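Read the numbers this way: they start at 1 and go in the same order the structure lists the ligands and their atoms. The model shown is predicted, which means the values in this text are computed figures rather than measured ones.
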Amino acid sequence: MQVLDKEFELYITHEEILNKVKALAEELNKDYNGKCPIMVCILNGAFIFAADLVREVNFPVEIGFMKYSSYVGLDTVGIVDKVADLAQDVKGRDIIVVEDIIDTGYTMERILRDFKEKGAASVKVACLLQKPKKLITNIKVDYCALDIKNEFIVGYGLDYNGHGRNLKDIYILSPDDND
Ligand code: IMP
Ligand code: MG
């Protein structure tokens with residue numbers, strides 16, 4: 001699969017992703033029974049994951065959106081910008097941050113700090129993917145659908161320079177293109 005100038009290989013099928021998303025939703029259903037959290041989708045990457053996840057939970061829920069950016073090309077730059085803030089008031093609310101992928105953890109560290117300042121009652125992290133070997137911040141990931149290798153991936157919402165988000169499956173950078 002060609003995305004811009006890079007070659008990618010099939011890594012996780014759409015069917016497997018959906019099974020893992022359902023399993024993650026089951027965990028949330030147990031933990032949020034009787035509650036009404038705000039599930040906050042971190043744009044852009046988490047939009048497809050969040051859309052599938054919110055339709056699998058069986059508790060009342062509000063949906064919110066925030067936008068952060070840190071990645072340019074294949075590498076995280078370590079500087080995280082808040083590009084768009086949440087519309088809802090989070091004071092006293094339970095928050096589930098819905099993120100596509102935790103890499104170094106810099107983005108999530110910043111997001112969690114922002115929520116603490118806003119006075120949320122609780123803040124938990126639900127991510128689709130985690131590259132555990134690359135985590136260099138001290139953040140707690142409460143729910144994670146899939147652990148993956150320490151390689152660059154695209155598809156199911158994740159992009160390479162803005163492209164590939166619409167791919168149904170997840171693709172990994174070909175070894176030949178990984179220099
Ligand atoms: P972190 O701040 O290093 O944890 O990076 C997290 C952000 O970088 C995520 O929200 C993603 O948007 C992006 N990212 C990290 N790894 C990948 C990848 O393999 N493919 C596409 N985007 C990625
Ligand atoms: Mg992202």
Side-chain angles (χ1 to χ4, degrees), residues 1-14 16-17 20-21 24 38-54 63-86 95-117 123-179:
M1 167 72 58
Q2 184 84 20
V3 180
L4 297 176
D5 60 329
K6 301 269 184 231
E7 188 63 31
F8 291 83
E9 292 169 3
L10 182 61
Y11 184 45
I12 309 165
T13 63
H14 191 232
E16 191 183 344
I17 298 166
K20 298 288 187 183
V21 171
L24 199 161
I38 306 176
M39 291 176 80
V40 179
C41 169
I42 306 302
L43 297 171
N44 293 329
F47 79 115
I48 291 181
F49 170 47
D52 283 338
L53 185 64
V54 298
I63 320 285
F65 298 90
M66 273 174 125
K67 185 167 178 173
Y68 286 82
S69 78
S70 74
Y71 243 68
V72 178
L74 302 178
D75 295 306
T76 189
V77 288
I79 304 155
V80 181
D81 291 325
K82 180 158 72 184
V83 184
D85 208 348
L86 192 68
I95 304 296
I96 304 170
V97 181
V98 180
E99 175 64 308
D100 53 358
I101 186 165
I102 314 267
D103 188 5
T104 61
Y106 282 131
T107 305
M108 192 51 67
E109 189 177 53
R110 168 73 196 273
I111 293 169
L112 294 175
R113 183 161 24 99
D114 287 353
F115 274 114
K116 249 182 214 146
E117 282 168 12
V123 186
K124 299 273 165 136
V125 176
C127 72
L128 176 69
L129 305 159
Q130 193 176 0
K131 294 180 185 170
K133 282 189 187 152
K134 275 187 84 177
L135 191 66
I136 53 176
T137 50
N138 191 19
I139 56 154
K140 184 167 176 262
V141 179
D142 302 281
Y143 307 92
C144 180
L146 280 152
D147 278 337
I148 59 163
K149 291 196 282 190
N150 188 12
E151 304 293 349
F152 192 82
I153 53 152
V154 290
Y156 194 73
L158 290 115
D159 73 305
Y160 166 51
N161 279 347
H163 289 252
R165 293 193 197 277
N166 58 319
L167 298 168
K168 277 193 173 177
D169 306 301
I170 290 176
Y171 294 80
I172 193 161
L173 191 64
S174 293
D176 305 344
D177 246 339
N178 198 353
D179 34 52

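Environment of NZ in Lys168: sparse, with no more than 12 heavy atoms of neighbouring residues, nucleotides or ligands closer than 6.0 Å. Surrounding CG of Asp5 are more than 12 heavy atoms belonging to other residues, nucleotides or ligands, all under 6.0 Å away.
Within the set Ile153, Ile111, Leu158, the minimum heavy-atom distance to atom 20 (N) of ligand 1 is found for Ile153. The closest non-hydrogen atom to atom 2 (O) of ligand 1, taken over Ile136, Thr107, Asn150, comes from Thr107.
Between Gly105 and ligand 1, at least one pair of N/O atoms sits closer than 3.5 Å. Of the polar atoms of Met108, none of the N or O atoms is found under 3.5 Å from an N or O of ligand 1, judged by distance alone.
Taking 4.5 Å as the limit, some side-chain heavy atom of Asp114 sits within range of a side-chain heavy atom of Tyr68. Using a 4.5 Å heavy-atom cutoff, the side chains of Asp100 and Phe49 are not in contact. Between Glu151 and Leu173, every side-chain heavy-atom pair lies at or beyond the 4.5 Å cut-off.
Of all the atoms in ligand 1, the ones that sit under 4.0 Å from a non-hydrogen atom of Asp159 are 21 (C). Each of the following atoms of ligand 1 lies closer than 4.0 Å to a heavy atom of Thr104: 1 (P), 2 (O), 3 (O), 4 (O). Applying the 4.0 Å criterion to heavy atoms of Tyr106 picks out, from ligand 1, the atoms 2 (O), 4 (O). Residue-ligand proximity, Lys131 to ligand 1, at heavy-atom distances under 4.0 Å covers atoms 16 (N), 17 (C), 18 (C), 19 (O). Near Phe152, meaning under 4.0 Å from any of its heavy atoms, are these atoms of ligand 1: 18 (C), 19 (O), 20 (N), 21 (C).
Contacts with ligand 1 closer than 4.0 Å are made by side-chain heavy atoms of Asp100 only, the backbone lying farther away.
Not one N or O on the side chain of Glu109 forms a donor-acceptor pair closer than 3.5 Å with the backbone of Ile111.
Note: Phe152 and Tyr160 have perpendicular aromatic rings, judged against thresholds of 30 and 60 degrees for the angle between ring planes.
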